[in-house]
Visitor: 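Sharing a structure below in structure tokens format, with a few things to ask.
Here is how names work: the chains are called A, B, and so on, in the same order as the sequence lines, proteins then strands, and each is numbered from 1.
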Protein chains: 2
Amino acid sequence: MVVKQTMSAAMAAMEQEADAGKTQGTGTQTLLRGLALLECVAAGIGDVKGIAARLGTPRSTTNRMLSSLVAEGYLHHIPYKGYLLGPKLIQLGMKALEQRPLVAIARPHIEALAETTGDTVHLGVEENGEVFYLDKIPGTRGLEMRSRTGQRMPLASTGLGKALMLGMPPARWQALHALTCPAEPPAGRPRPADWPVFQEQLTRYVAQGWAMDLEENELGIRCVAAPVRDGRNLVVAAVSVASAVPYMPEDRMTTLGPLVRATAEAISKDLGWTAP
Amino acid sequence: MVVKQTMSAAMAAMEQEADAGKTQGTGTQTLLRGLALLECVAAGIGDVKGIAARLGTPRSTTNRMLSSLVAEGYLHHIPYKGYLLGPKLIQLGMKALEQRPLVAIARPHIEALAETTGDTVHLGVEENGEVFYLDKIPGTRGLEMRSRTGQRMPLASTGLGKALMLGMPPARWQALHALTCPAEPPAGRPRPADWPVFQEQLTRYVAQGWAMDLEENELGIRCVAAPVRDGRNLVVAAVSVASAVPYMPEDRMTTLGPLVRATAEAISKDLGWTAP
DNA sequence: AGAATTGTCCCACTATTTGGCACCAAACAA
DNA sequence: TTGTTTGGTGCCAAATAGTGGGACAATTCT
């Protein structure tokens, strides 16, 4: 901060818009300014004057940072034309995408979700036509679910699976549905709705951003699920909240939906996703 | 610099080696250190001790920067586990990919290429089954080529086109070849080799990283071309050097190949590409 | 339980960054 | 062309922002 602790109220008033909200007393002004500069360029401001204005830094300081960032490849410079995000950022972005450990990232979020709902929370990914359970937090209602991390399940009969399907082209839905529902339904076992109805459901789920499972995978168990996306806006995982029917009346599911979706989006953001 | 005034001449000598070449970067130590830190994490070093060691910064300083970077989303922190590249980097990486103006980036490189070869240089991208000429630098040999920026040409009969095809799955080659070579060859007009031979050629081009055009598009004109890739390792453009046959004997083409390829790779690097 | 690593403070010192200014080069407008 | 604006580069005295040592608590490993 430019402001000294001895400054008068009048001066403080004049400081106004410059650095508005964030007065986080960190000890890395130059670094933070540099990062702000990057984001400024990302926002499309490529001229020195505009950047200096946006950051509230004088021309010389701005130029100093700009040339350092260019030298390091974080910005690309077209003399007398402007600045653009540089190749290094692309590389780091790719690396970031690779080294992201989904489970560790998601853990705090699903823990929070488990905490507020009291139900069992799952995290899963798609792996050749099936759901693969990556993580699970048992509910606090005493009842235990059969699911285990490392387990596999059909896509079309589980909440997680349906959430994962929301990210696929609708053309693939039917094949996956067929995969889950063999020609001869095992007597007495639950199963998803027949194709036309199923398609209708998925279409609705896409619109609302979360999916339901009404005892289709296991009798007496209902769940609500939502897809997790990465920086490329691809669905890479899904989160679900599951519980026994008595704890999961229809109206609670509709309340839970947006909450699960919000959790999924929070994870997505940690994966580099940004809202459309 | 971190070095105290008490350092010996010997240490000074080692310091010079350490950051030799970068005599320029002054006035932004904190920023540069922060960026170095990012690259350190990108390199897979996620523990505080390792990072501090790699950067040569004391623990307290390292931690200070780390927490700032985490606060800004450039790093992701899993307490007592380590640091990873953060979501912000993914976002910036995506933005960088978008806002990259291929032509402006490539210009200096193809100018250099035109300069050293004296021939006409082209830059082009693929656009639904055709080459689209984005930029052209006329040769200095007096002869003028018909090509114009903004023009479209078949993929399979041009050097640029073949270079672009090198990045496609071989399964698509035949269709594109057929698209270029209609059933009835227009009498007297040049055309690419027939399919089996053509396929053989492309396979060889893939291996060597650059392609040739032997008067297949225009009689009397030969060219050498190489593909340009972006940060995702996808072929997004191609560069070619073209000239009249007398200036393009076979042996010159083999000399030119690696040069054109090098230029294409230089552009690729500016687009965030890194060697395999 | 002990050892090793990490997260979090604090604080005096000074090296690092600041920002004003001045000059030149390019770009743009007329 | 000329005049005007914006961009690139360098210098330098001033002081702020950053440094790094150290002490302590929390956490994980073994």
Visitor: Would you mind reading off the distance between A:His77 atom NE2 and D:dG7 atom P, rounded to a whole angstrom?
Guide: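 Rounded to whole Å, this separation is 10 Å.
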
Visitor: Ignoring hydrogens and geometry beyond distance, is the side chain of B:Arg64 in donor-acceptor contact with the base of D:dG20 at under 3.5 Å?
Guide: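 Flag set: donor-acceptor pair detected.
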
Visitor: If you measure from the Lys or Arg side-chain nitrogens to the Asp or Glu carboxylate oxygens, is any gap between A:Glu72 and A:Lys88 under 4.0 Å?
Guide: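 Answer for the salt bridge query: no.
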
Visitor: Kindly compute the distance separating CD1 (A:Ile90) from CG (B:Leu89), expressed to the nearest 0.5 Å.
Guide: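 Reported to 0.5 Å precision, the distance equals 12.5 Å.
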
Visitor: In this structure, how many angstroms lie between the P atom of C:dT16 and the CZ atom of A:Arg33, rounded?
Guide: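 The distance from CZ of A:Arg33 to P of C:dT16 comes to 18 Å, rounded to the nearest Å.
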
Visitor: Under the side chain to side chain contact (heavy atoms under 4.5 Å, CB included) criterion, do A:Leu31 and B:Leu69 qualify, and how do the steps go?
Guide: CA-CA 9 Å; A:Leu31 178 51; B:Leu69 288 170; 4.1 Å; yes

Visitor: What is the ring orientation for B:Tyr83 with B:His77, classed by angle as parallel under 30°, tilted 30 to 60°, or perpendicular over 60°?
Guide: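 Taking B:His77 first and then B:Tyr83, their aromatic rings lie parallel (interplane angle under 30°).
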
Visitor: Once each nucleotide of nucleotides 22-30 of chain D is scored for protein heavy atoms under 4.0 Å, what B/S/- sequence comes out, 5' to 3'?
Guide: BB--BSSS-

Visitor: Output yes when a side-chain donor or acceptor of B:Lys81 lies under 3.5 Å from a complementary backbone atom of A:Ala104, and no otherwise.
Guide: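 Looks like no, no N/O pair under 3.5 Å.
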
Visitor: Calculate the interatomic distance between B:Leu55 atom CG and D:dG18 atom C1'; express it in whole Å.
Guide: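 Whole-Å distance recorded here is 15 Å.
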
Visitor: When you match B:Asn63 and A:Met65 each to their closest nucleotide on DNA chain C, which lands nearer the 5' end?
Guide: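 Residue closer to the 5' terminus by nearest nucleotide: B:Asn63.
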
Visitor: Using atom types as modelled and distance alone, determine if a side-chain donor or acceptor of A:Ser240 lies under 3.5 Å from a backbone N or O of A:Ala225.
Guide: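 Side chain of A:Ser240 to backbone of A:Ala225: no pair is present.
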
Visitor: For A:Val239 and A:Val260, work out which heavy atoms get closest and say how close.
Guide: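 Distance-wise, the nearest heavy atoms are O-CG1, 3.8 Å.
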
Visitor: May I ask you to verify if any side-chain N or O of A:Gln29 is less than 4.0 angstrom from the OP1 or OP2 atom of C:dT16?
Guide: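 The answer is no; no side-chain N or O of A:Gln29 sits under 4.0 Å from OP1 or OP2.
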
Visitor: For A:Thr28, answer base if it contacts any base atom (sugar-phosphate contacts may also be present), sugar-phosphate if it contacts only those atoms, and nothing otherwise; contact means non-hydrogen atoms under 4.0 Å.
Guide: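 Sugar-phosphate, no base atom in range.
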
Visitor: Could you tell me how far apart A:Leu31 (CG) and C:dT18 (P) are, to the nearest whole angstrom?
Guide: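 So the two atoms are 11 Å apart, to the nearest Å.
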
Visitor: Could you state the atom-to-atom distance from CG of B:Leu66 to P of D:dT19 in whole Å?
Guide: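 Rounded to the whole Å, the gap is 12 Å.
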
Visitor: Mind grabbing the angle between the end helix axes of the helix from C:dA1-D:dT30 to C:dA30-D:dT1? Five pairs an end, 10° rounding.
Guide: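 Here the helix ends are tilted 70° relative to one another.
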
Visitor: Can B:Arg261 and B:Glu265 be counted as an ion pair, charged N to O under 4.0 angstrom?
Guide: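 Looking at B:Arg261 and B:Glu265, the cut-off is met.
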
Visitor: Mind checking if B:Thr30 touches a base, just sugar-phosphate, or nothing, with heavy atoms under 4.0 Å?
Guide: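 Sugar-phosphate, backbone atoms only, no base.
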
Visitor: Nearest whole Å is fine: how far is C:dA26 C1' from A:Asp47 CG?
Guide: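 Distance check: A:Asp47 CG to C:dA26 C1' gives 15 Å.
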
Visitor: Under the 3.5 angstrom rule, does the side chain of A:Thr140 hit a backbone N or O of A:Gly118 as a donor-acceptor pair?
Guide: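 Checking the backbone N and O of A:Gly118 against the side chain of A:Thr140, a donor-acceptor pair under 3.5 Å is found.
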
Visitor: Measure CD1/A:Ile78 against C1'/C:dA27 and give the value in whole Å, please.
Guide: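 It is 15 Å, rounded to the nearest whole Å.
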
Visitor: In this structure, how many angstroms lie between the C1' atom of C:dT5 and the CD1 atom of B:Ile51, rounded?
Guide: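 For the pair B:Ile51 CD1 and C:dT5 C1', the rounded distance is 13 Å.
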
